[in-house]
Amino acid sequence: MKRVVVTGMGAITPIGNNVEEFWESVKASKVGIDEITKFDTTDYAVKLAAEVKGFIPKERMDFKSAKRMSPFSQYAVCAAKEAIEQSGLNLEQEDSYRVGVSVGSGIGGMNDMEIEHKKMLEKGNDRVKPLLVPMMITNMAAGNVAIAFGAKGKCINVVTACATGTHSIGEAYRSIQCGEADVMIAGGTESAITPLGVAGFTNLTALTKSTDKYKASIPFDKDRSGFVMGEGAGIVILEELEHAKKRGANILAEVAGYGATCDAYHVTSPAEDGSGAAKAMEIAIKEAGMNPEKVDYINAHGTSTHHNDLFETRAIKLALGEAAKNVKINSTKSMIGHLLGAAGGVEFITCVKTIEEGYIHPTVGLKEPGEECDLDYVMGQGVYQDVNFVLSNSLGFGGHNGTIAIKKYSEERA
């Protein structure tokens, strides 16, 4: 099987609208959660979200194109542009049919759907925007990225709720592994902080009702009370190793394994024993040619809900056995909330930066771990250490589990 490396990354997040800003904020333990500004929350029990701030589409992309895109597509295109620029790829010199896209969104253009539905009820169906459908459907992030950069190869949209970003990168990795593409633009994007989106998750009792932004998203803490909705995009450039070497690319890390399973248990709750998520981790570790003792760090799904954090802890113990006690674990969601379909993309970037700089950020806000949450969640201060092999976990409604294994790049295969 072909080896796959990371050569570029791009991010739009609640704590920075490019990778450098995002990572500097991570190192500063900055919390991007605040009061919702996108709509009036007077009648809502939930008041907080992790919104993208200071993102002005016309300053980042073609104005006419931006007007035809929902925010989730805008985020994806801008993050993809950053990733391509960092990679140094000259797409005009590439075989465009060997450059593919795997960018997913869990929900798509919910905001446009809500606005146009209201317009239809108030003014009639002939007033609905003609471009509503191609703006709201989830595959349009992938489609717009492909159009923007002339990527004519495999173009797919994985939709697995909160595991979308991880599965999108995992499937891009597979596409290169088996020879379908030389380059894949991959990741996740989301913008669903809308009246209907917040109401739906609130009534599902999934969101925290905390009004203290520093105590709202506190994964693994005994006082955790639900997740905080976030938005943004995380896009990476995956490349076949020999292709990257031939053009002299700067290799950031190597994707070494990918595990995908389903709990087949419940539409919202993970399997209580963690068996499904554990199996995804086991598959990824085995494919990477590693063993549990080699895992330095796990970027957990860590949503700050009671069930997720407890059952994911059980999954890590099941997958790693005794080695689980020695692994550093954290949740980036403690700073940026839950980016839903974009979460896996941004957290993958966090893993690559962790390998590059040897810095494992703390689970911000974690003061006292909850019952059975007895692993090392990097409480308090971040940790500087050599990081060679990491796992990134994502779990989605419907029982979808995804784990990507990422390692420090070396010439020799493990």
Check: Looking only at heavy atoms, what is the nearest atom pair of Tyr297 and His361, with distance?
Finding: OH-NE2, 4.5 Å
Next item on the list: Indicate the ring-plane relationship of Tyr359 and Tyr384, choosing parallel, tilted or perpendicular according to the 30° and 60° boundaries.
Entry: tilted
Margin query: Keeping His307 on the side-chain end and Ser269 on the backbone end, is there a donor-acceptor pair under 3.5 Å?
Written below: no
Next item on the list: Apply the side chain to side chain contact (heavy atoms under 4.5 Å, CB included) test between Tyr377 and each candidate in Thr313, Asp309, Asn330, Asp221; give the one that qualifies.
Entry: Thr313
Check: Are any side-chain N or O atoms of Arg224 and backbone N or O atoms of Ile218, one a donor and one an acceptor, separated by less than 3.5 Å?
Finding: no
Notebook entry, point to check: Do any pairs count as a salt bridge (Lys or Arg N to Asp or Glu O under 4.0 Å) and have a residue in residues 135-155, sequence neighbours left out, and if so which ones?
Noted result: Lys154-Glu180
Item checked: His301 (side chain) donor-acceptor with Ser392 (main chain) under 3.5 angstrom -> no
Next item on the list: Give the C-alpha distance, both sets of side-chain angles, the deciding distance and a yes or no for salt bridge (Lys or Arg N to Asp or Glu O under 4.0 Å) between Lys246 and Glu239.
Entry: CA-CA 11 Å; Lys246 185 176 180 180; Glu239 202 166 339; over 6 Å; no
Next item on the list: Identify the two heavy atoms, one from Met229 and one from Phe201, that lie closest to each other, and give their separation to 0.1 Å.
Entry: SD-CD1, 3.7 Å
Note to self: Within the 4.5 Å heavy-atom criterion, are Asp263 and Phe311 side-chain neighbours or not?
What the structure shows: no
Check: Looking at Arg68, Lys129, Lys118, Lys119, which hits salt bridge (Lys or Arg N to Asp or Glu O under 4.0 Å) with Asp112?
Finding: Lys129
Notebook entry, point to check: Within the distance-only criterion (no hydrogens, no angle test), does the side chain of Thr261 pair as donor or acceptor with the backbone N or O of Gly276 below 3.5 angstrom?
Noted result: yes
Notebook entry, point to check: Looking only at atom types and distance, does a side-chain atom of Glu82 sit under 3.5 Å from a main-chain N or O of Ala11, one as donor and one as acceptor?
Noted result: yes
Check: Is there a donor-acceptor pair closer than 3.5 Å between any side-chain N or O of Glu347 and the backbone N or O of Asn299?
Finding: no
Enumerate, atom names and distances included, each donor-acceptor pair closer than 3.5 Å involving a side-chain atom of residues 248-260, sequence neighbours excluded.
residue, atom, partner, partner atom, Å
Glu254, OE1, Arg3, NH2, 2.8
Glu254, OE2, Arg3, NE, 2.9
Tyr258, OH, Glu171, OE2, 2.8

Item checked: Thr166 side chain to Ala163 backbone, donor-acceptor under 3.5 Å -> no
Next item on the list: Could you check if a side-chain atom of Arg247 sits within less than 4.5 angstrom of a side-chain atom of Leu89, using non-hydrogen atoms only?
Entry: yes
Notebook entry, point to check: About how many Å separate OG of Ser191 and CD of Glu231, when rounded to the nearest 0.5 Å?
Noted result: 4.0 Å
Check: Is the backbone of Ile107 close enough, under 3.5 Å, to the side chain of Glu190 for a donor and an acceptor to pair up by distance?
Finding: yes
